[in-house]
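Before any comments, here is the structure.
Any value given below was found using the heavy atoms of this structure, including those in side chains, with hydrogens, waters and symmetry copies removed. Here the structure is a predicted model, which means the values were calculated and not measured.
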Amino acid sequence: MTSSTPPNRPLAVVLLVPILIAVLVAAACTNAPSDVATEDPSEAVDTPIDESSTTTPSPTTVADSPDETDTSVVPAALEIDDDGWFPWIFPSPTLSWYEDGCPAPEDVARNFMSNFFDESDPVLSSLSASSSPDHRRYLVHMRGEGGAPVETGTVLEFARVDLDIVDCDAWVIVSASSDSVTIDSVEFSGGDDRTLVEIAGVGTGFEALIDLRVHDESFRVVADGFAMGGAYEVQPFTGTAGFVDMPIDPNLIVIGSSSNPADGATPKFAAVKARCCGAETVVVPVSTAESVALAVVGVEADDTLNVRSGPGVGNDVVGELSPFFVGARWLDDDPVPVGSDVWIPIATDRFSGWVNARFVTPVEADGPVTDALLNAVREVRIALSSNAAHQRMADLSFDYFGDEVAVSTDAFVSPDDQRLTADDFLGAGSDSDLDRQWGITDGEGSPIVATIAEHLAGYASSPALASTDRIAVDQRLRSSNTIDNLADVFPSATVVELHHEGGTGESADFQWGTIRLAFDPTDSGPRLVAIVADNWTI
């Protein structure tokens, strides 16, 4: 067993940590060129939605006054294409209610809840105001026992679009997200008569049940099914919503909702727009932030991600990103479907251009993420993944590391774990680099003994670094059966989680792996204070 695999500690107990995930994630494409479209159904990234500014609902259906702190925007160019497909969730531009003008966002939200959840009088509150007059956000409050509204809920994002059929600008719902369910991908497969709908994402519900539904633009349920997520925390799911009878309108709305045991309770849900069917099936990502931080994923360690002058491989390469790059920014221009892939505009401090969304993922966070933190994460990620990790880490030690760095092969940080100073990193690989104990092997209990250089070399093959699927800031994407005490040992630190899912279905519970990097804030910028591995142990 390598030193990067955490052992099971004698004090390990089950710790279930609820996590907030409000982002659709681009899936890594194995063994594919880094910007070439494949024949796989497209899996597109979406952007995080900040729910931190929610307001306590009043007993009646009202829209509370927004504050002025949010700067999020929705792309303005949400146009209907030549095939009649439109990239927003609701309502359809053919609805007769436009004959009387354009309803206000509150009325659109009530109509959406009435048609899709039979909720005739939802409780709404306005979230933080946008810097764009063409964007609004509302929280649909969930109802608990007896139908009383609670503080949490589902966030509906609105954009104002220009429809030729009416004289006013229409408000439409472009995304719906919650902390209980996120839909990552929708895939259609089958023949000319019937098409199977498979839905993947993350979620939690009563007895782990996630309800899945597929609607056409007339609200009719054309397929429904279920999936199993997490019972106590958000976990990945893959489920089927059954078959859609063909032919069918390309405009489909896919809804995943957490099963709720309370009578009369409105479940938390996520809704995405999917185009059916065939090779050009896409789930359209809608950018809801001015500048979303991105990390490269799914690119082999000896390859790079091409940044091109326009969407598609036919455009010139204007730059390259390393497979461990963190900190590109998703600009607020619209994503562009190209074949079965989606391309998005990004910028770095050196160049700007377009990348295949399959090979980037948003950095998941509840609040703003600083460039200084992203720079530190990028440098440590590149250093640990290099062939001479001890030398790269030594080069970074004075600029990016604290007085000492705790290194643990276990989620639980103990006094017995190694603490490395700048001098230790500088001496790694020399005659003074003696064997140290880094923990115990999982299942066997035998000590893991290696020099600093040997131990650091093990990180290059760690799936959490070599095949990172997701990156989160101050969130736990998964927790093992070992106590995670990182926040207790370093209470002021910001923890960045590099996560590799490792599989689907039941095996996913045991094949995932995570490396957590803890950074303390200082006047000189973030300083690394801990490197902690976590996965499922025996």
Side-chain angles (χ1 to χ4, degrees), residues 20 22 47-74 78 88-92 95 97-98 100-161 168-182 213 215 219 253 255-258 260 262 264-273 286 288-289 366:
L20 174 67
T47 60
I49 293 176
D50 180 9
E51 299 188 25
S52 60
S53 58
T54 58
T55 55
T56 303
S58 62
T60 57
T61 306
V62 297
D64 298 328
S65 299
D67 60 49
E68 302 297 330
T69 59
D70 185 61
T71 58
S72 55
V73 297
V74 169
L78 293 168
W88 59 85
I89 295 173
F90 177 83
S92 167
L95 284 179
W97 68 346
Y98 284 125
D100 298 325
C102 294
E106 297 90 337
D107 295 325
V108 175
R110 293 187 184 101
N111 198 284
F112 176 86
M113 294 300 295
S114 175
N115 282 287
F116 290 99
F117 290 94
D118 198 25
E119 177 64 72
S120 60
D121 187 27
V123 177
L124 307 173
S125 64
S126 177
L127 295 178
S128 52
S130 171
S131 60
S132 169
D134 296 325
H135 172 223
R136 292 187 186 176
R137 304 165 70 232
Y138 285 86
L139 185 70
V140 179
H141 295 282
M142 303 298 101
R143 297 181 183 272
E145 293 284 355
V150 297
E151 184 174 355
T152 60
T154 296
V155 175
L156 299 180
E157 297 270 349
F158 290 81
R160 188 154 49 186
V161 299
C168 53
D169 289 339
W171 285 100
V172 298
I173 298 175
V174 294
S175 72
S177 64
S178 73
D179 59 358
S180 293
V181 181
T182 299
R213 285 180 283 138
H215 297 252
F219 321 128
I253 299 96
I255 296 176
S257 57
S258 57
N260 195 323
T266 303
K268 293 185 182 182
F269 63 92
V272 299
K273 187 67 178 295
V286 178
T288 56
D366 293 339

Query raised in the report: Counting distance only, does the side-chain N/O of R213 pair as donor-acceptor with the main-chain N or O of F116 below 3.5 Å?
Result: yes
Query raised in the report: Do the side chains of V181 and F269 get nearer than 4.5 Å, heavy atoms only?
Result: no
Requested in this report: Identify, with sequence neighbours excluded, every residue that meets side chain to side chain contact (heavy atoms under 4.5 Å, CB included) alongside P267.
Outcome: F117, S257, S258
Query raised in the report: When rounded to the nearest 0.5 angstrom, what is the spacing between CG in L156 and OG in S175?
Result: 8.0 Å
Requested in this report: Could you tell me whether the side chain of I89 reaches within less than 4.5 Å of the side chain of F112, counting heavy atoms only?
Outcome: yes
Query raised in the report: Shortest non-hydrogen contact from P91 to W171?
Result: CD-O, 3.9 Å
**Report entry** Heavy-atom pair of closest approach, residues F158 and I173
**Finding:** CE2-CG1, 3.4 Å
Query raised in the report: Looking at K268 and G153, what are the two nearest heavy atoms and their distance?
Result: CE-N, 4.2 Å
Query raised in the report: Taking the side chain as C-beta and beyond, is there a heavy-atom pair between H141 and S125 under 4.5 Å?
Result: yes
Query raised in the report: Just how far is it from atom CG of D121 to atom CE of M113, taken to the nearest 0.5 Å?
Result: 11.0 Å
**Report entry** Working for side chain to side chain contact (heavy atoms under 4.5 Å, CB included), residues W88 and V161
**Finding:** CA-CA 10 Å; W88 59 85; V161 299; 4.3 Å; yes
